[in-house]
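Here the structure comes first, spelled out in C-alpha cells, and everything after it is commentary.
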2 protein chains.
Amino acid sequence: MANDPLSLTFAALADPTRREILARLAEGEATVNALAEPFDMSLQAISKHLKVLERAGLITRGRDAQWRPCRLEAAPLEEVDQWVDRYRDRWEERFGRLDRELHRIQNSTEGEKNHE
Amino acid sequence: MANDPLSLTFAALADPTRREILARLAEGEATVNALAEPFDMSLQAISKHLKVLERAGLITRGRDAQWRPCRLEAAPLEEVDQWVDRYRDRWEERFGRLDRELHRIQNSTEGEKNHE
DNA sequence: CGCATAATCAACCTAACGGTTGATCAACTG
DNA sequence: CAGTTGATCAACCGTTAGGTTGATTATGCG
C-alpha cells in the first residue's frame, strides 16, 4: 500500500471495524478492551486495527497505568474533507446551474465570515 | 477486504494512481490509453485500477467502437462526504463553542432549505 | 481477408491485510 | 513476592492487492 498521508487515511477508513471504532471514540476516550468489547474478535486483532488508525494519525494513545486510552484525532478527516470537496460540484449537478451558483455564493460568504 | 459500499469506496481512494485517474476524469471522459499515458505502468495495471474504481461506483464505462470511455461518477464521493461530515465539529473545535453553535444553526437552516 | 489498435483476460509473483494463537511485558493488588 | 489484568509482540496462515508478461477479444481500416 502507498504510504502517503491521504492513502494511509483512506486505507484506514476502508474497514467497517475501524470506522466503528472511530464512531465509538467520537463519544470520548476509551481503552483497548472497551473498544474491543462489541466485536467478535480477539483483542490482538483490535490492537492491530488501532495501530493502523494510529499510523494514519486518526487516533493518539495516552498512558494511564496499564491502560492505554485512545483518543480520536480528526485532522486526517479534515484532509479527506478537503480532498473530496474538490468534487463537490459533481454531485450538486442535479441542482442545476442556478442552484449551484447559489451554493457557490453561499460558500464564498461563509468563507468571508470564517476566515476574517 | 470488506465489500460494503463505503469500504469499497475508501479502498478505491486509498491509492494515489486511482486518485490521479479521478482527477483526470474530472476534466472529462477519457479512454483507457489516455488515462494510462501519464503513468510508468502497464496498460493492464491501469485496467485493473479502473476495475476497482468501477466496482466502487466511482466511474462508469461507455462503449465507442474499440474504445471504452470512462466517466467520473461522484455519488460515492457524496457518501464519503456525508460520512466524514459527522466528524466535522471535531476539527472545528478551534473555532470555539460559540462559533460551533453558529455552524450548527447554519447547517440546520440549510437542511430546511434543501429538503423542502 | 489481413493487420493494426484498444482493451481485457489469464496466469503468475511478491508483499501486505486481517485474522488466529501463544508468549511476553508492564502495572496494579493481595 | 505471586498473581491478575491490560495490552502488545511474534509467528503463522489464508486471501487479496498491485504489479508483471503473454494470449485473447473486438473493432476499424487497407
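Labels below follow one simple rule: chain letters A, B, ... track the order of the sequence lines, proteins then strands, and each chain is numbered from 1. In this text the structure is predicted, and so the values were computed from the model without any measurement.
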Of all pairs that satisfy salt bridge (charged side-chain N to carboxylate O under 4.0 Å, His left out), the ones with a partner from residues 56-66 of chain B, not counting sequence neighbours: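 Passing the test, one end in residues 56-66 of chain B: B:E54-B:R61.
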Name all pairs fulfilling the salt bridge (charged side-chain N to carboxylate O under 4.0 Å, His left out) condition that reach into residues 4-13 of chain A, sequence neighbours left out, sorted by first residue then second.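 Qualifying pairs: A:D4-B:R19.
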Among all residues two or more places apart in sequence or in another chain, which pass the side-chain contact (heavy atoms from CB on, under 4.5 Å) test with B:A36?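 B:A36: side-chain contact (heavy atoms from CB on, under 4.5 Å) contacts with B:L43, B:I46.
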Where along residues 9-26 of chain B does a heavy atom come under 4.0 Å from DNA chain D, residue by residue in number order?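 Heavy-atom cutoff 4.0 Å gives B:D15, B:R18.
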Heavy atom of residues 28-36 of chain A under 4.0 Å from DNA chain D: which residues?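 Those residues whose heavy atoms fall under 4.0 Å from DNA chain D, taken from residues 28-36 of chain A in numerical order, are A:T31, A:V32, A:N33.
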Answer yes or no: is there a donor N or O on one side and an acceptor on the other, between the side chain of [X] and the main chain of [Y], under 3.5 Å?
X: A:R90; Y: B:A26; answer: yes
X: A:R18; Y: A:A11; answer: yes
X: A:S7; Y: A:N3; answer: no

Starting at CZ of B:F39 and ending at P of D:dG19, how long is that distance when rounded to a whole Å?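 My rounded result for the distance is 10 Å.
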Side-chain heavy atoms of B:L58 within contact of B:L25, under 4.5 Å: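 Contact flag for B:L58/B:L25 side chains = no.
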Has A:R86 got more than 12 heavy atoms of other residues, nucleotides or ligands less than 6.0 Å from its CZ?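 Count over threshold, so yes.
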Given C:dT8, is OP1 or OP2 found less than 4.0 Å from the side-chain N or O atoms of B:R61?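 Affirmative; the distance criterion is met.
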Distance from B:T17 atom OG1 to B:L35 atom CG, nearest 0.5 Å?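 Here the interatomic distance stands at 12.0 Å.
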Separation between CZ of A:R71 and CD1 of A:I59, rounded to the nearest 0.5 Å: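 Between atom CZ of A:R71 and atom CD1 of A:I59 there are 11.5 Å.
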Would you mind listing every ring-ring contact (aromatic ring centres under 6.0 Å, His included) that reaches into residues 30-88 of chain B, with sequence neighbours excluded?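 Non-adjacent pairs meeting ring-ring contact (aromatic ring centres under 6.0 Å, His included): B:F10-B:W83, B:W83-B:Y87.
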Terminal axes of the helix from C:dC1-D:dG30 to C:dG30-D:dC1 (five pairs each): angle between them, nearest 10 degrees: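 Taking the rotation axis at each end, their angle is 10°.
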Using a 4.0 Å heavy-atom cut-off, write out nucleotides 25-30 of chain C from 5' to 3' as B (base contacted by protein), S (sugar-phosphate only) or - (no contact). -SSS--
Nucleic acid contacts of residues 43-58 of chain A, taken as heavy-atom distances under 4.0 Å to DNA chain C: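 A:Q44, A:A45, A:K48, A:H49, in order of number.
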Who else is in the cluster with B:M1 when I, L, V, M, F, W and Y are joined by side-chain contacts under 4.5 Å?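 Via sub-4.5 Å side-chain contacts, B:M1 links to B:L8.
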Residues forming a side-chain hydrogen bond (donor to acceptor under 3.5 Å, both in side chains) with A:S47, sequence neighbours excluded: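 So A:S47 forms no side-chain hydrogen bond (donor to acceptor under 3.5 Å, both in side chains) with any residue.
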Taking only residues two or more places apart in sequence or in another chain, which ones pass salt bridge (charged side-chain N to carboxylate O under 4.0 Å, His left out) with A:E37?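 In terms of salt bridge (charged side-chain N to carboxylate O under 4.0 Å, His left out), with neighbours along the sequence ignored, A:E37 is linked to no residue.
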Is it true that B:V84 and A:L13 fall in one hydrophobic cluster, defined by side-chain heavy atoms closer than 4.5 Å?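 Same cluster.
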